[in-house]
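Each remark here refers to the structure printed beneath this line.
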Amino acid sequence: MSDGGRPLCVLPLPRAEAAATRFAERLGAPLCALESRRFADGETYLRVLGDVAGCDVAVVAEMRDPDAQLPGLLLLPDALRDLGAVSVGLIAPYLPYMRQDARFRPGEAVTARSFARLISSAYQWLVTVDPHLHRIASLDEVYALRSVVVQSAPAIAAWLRAHVERPLVVGPDAESAQWASHVARLAGAPHIVLRKTRRGDTEVEIDAPGSTSQHRGCTPVLVDDIISTGSTLAEAVRLLTGRGFARPFCVGVHAVLVGDAEARLQTAGVRRIVTCDTLTHPSNEIALADRVVEAVTLARAADRA
Ligand code: R5P
């Protein structure tokens, strides 16, 4: 699709080919291909297969295992401009490096801010879905580019209304309260928020600050933004079933699901894992591609204004 006369082309980083195809189809834009490999010494080789001269380019990144993607993510925009691209934007439905958003111990790198500076110097606009905003209130605080954020809550609420009778939306920790309360409001369901203490990457403790007995008979639906090791949701599942609730659904926006995360959740007694399609995974049941494409149109228009 051209925008004000300038054609758009969509270019996936490795692993983002399926997502890029979905977006290109909806945008009516051609899909370019990227040849990417490692030289013998480990450096990254990139070759754009297609003519991007005079085009706006939307790079699509699927950022599970983000460090493997960093060289391509950061080197490609400069190569595209060198090949004649007029502007380069980034569609990263899952935006990594948002959780280290403060210096918790002396000397720690606040990588959320550093990553934002790197991306902002390479791209002109960014479209993402529900970034992990906690101590950083908005992307504009750290990203110096045009960003458009897609909210998953309307689609999650629609899924909930279609699939769960008498849902109780449960946020597993304070950070999830923003998503849980939004989904609950849109679905017309009650919600509660649990309390998490993190002891390590896979060691978390979850408790419930108040009584939950008034919600007996409801089906718990845990809602969180990121399911990474699955530890947070597994502990929340245990707490809820320990209090006599039915086995909970676990709904995550971003199916990072590293290592044995799914097994951890199954062992804890999850009823079903359901995720949005921001990271490709068999649990993707909630499609956000149309919303992402609308956001791309907004981001390009804002960039050109
Ligand atoms: C952090 O607060 C996030 O919202 C998630 O709760 C967290 O990333 C989940 O991580 P894990 O699945 O490893 O417990």
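For ligands, and for the atoms within them, numbers begin at 1 and follow the listed sequence.
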For atom 10 (O) of ligand 1, what's the nearest protein heavy atom and its distance? R198 NH2, 3.4 Å
Determine whether the side chains of S283 and T275 contain a donor N or O and an acceptor N or O closer than 3.5 Å. yes
H191 and S181: side-chain donor and acceptor closer than 3.5 Å? no
Centroid-to-centroid, Y143 to W125, below 6.0 Å? no
So, the side chain of E17 versus the backbone of R15: is there a donor-acceptor pair under 3.5 Å, distance only? yes
Which residue and heavy atom of the protein sit nearest atom 14 (O) of ligand 1, plus the separation: T232 OG1, 2.6 Å
Under 3.5 Å: donor-acceptor pair, side chain of S87, backbone of D56: no
Checking contacts here: is it the side chain or the backbone of T202 that comes within 4.0 Å of ligand 1, counting heavy atoms only? Could be both or neither. neither
Heavy-atom contacts with D225 under 4.0 Å: which atoms of ligand 1 show up? List them by number with element. 3 (C), 4 (O), 5 (C)
Heavy-atom contact check, 4.0 Å cutoff: does R99 meet ligand 1? yes
Atoms of ligand 1 close to G230 [distance to a heavy atom under 4.0 angstrom, numbered from 1]: 11 (P), 12 (O), 13 (O)
min-distance protein heavy atom vs atom 5 (C) of ligand 1 -> D224 OD2, 3.3 Å
For V270, does its backbone N or O pair with a side-chain atom of R247 as donor and acceptor, under 3.5 Å? yes
Any non-hydrogen atom of V204 lying under 4.0 Å from ligand 1? no
How about E62 and T280: does a side-chain donor come under 3.5 Å of a side-chain acceptor? yes
For atom 13 (O) of ligand 1, state which one of V253, T229, V256 supplies the nearest heavy atom. T229
Starting from atom 1 (C) of ligand 1, locate the nearest protein heavy atom and write down its residue, its atom name and how far away it is, to 0.1 Å. H132 CE1, 3.5 Å
Is R47 atom CZ crowded by more than 12 heavy atoms from other residues, nucleotides or ligands, each under 6.0 Å away? no
Should you measure from each heavy atom of D173, which atoms of ligand 1 turn up under 4.0 Å away? 2 (O), 6 (O)
Answer yes or no on whether R37 is positioned over the face of Y45, meaning its NZ or CZ is under 6.0 Å from the six-membered ring centre and within 45° of the axis. yes
Give me the nearest non-hydrogen protein atom to atom 9 (C) of ligand 1 as residue plus atom name, then the distance to 0.1 Å. I226 O, 3.4 Å
Distance from atom 2 (O) of ligand 1 to nearest protein heavy atom, with residue and atom: E175 OE2, 3.0 Å
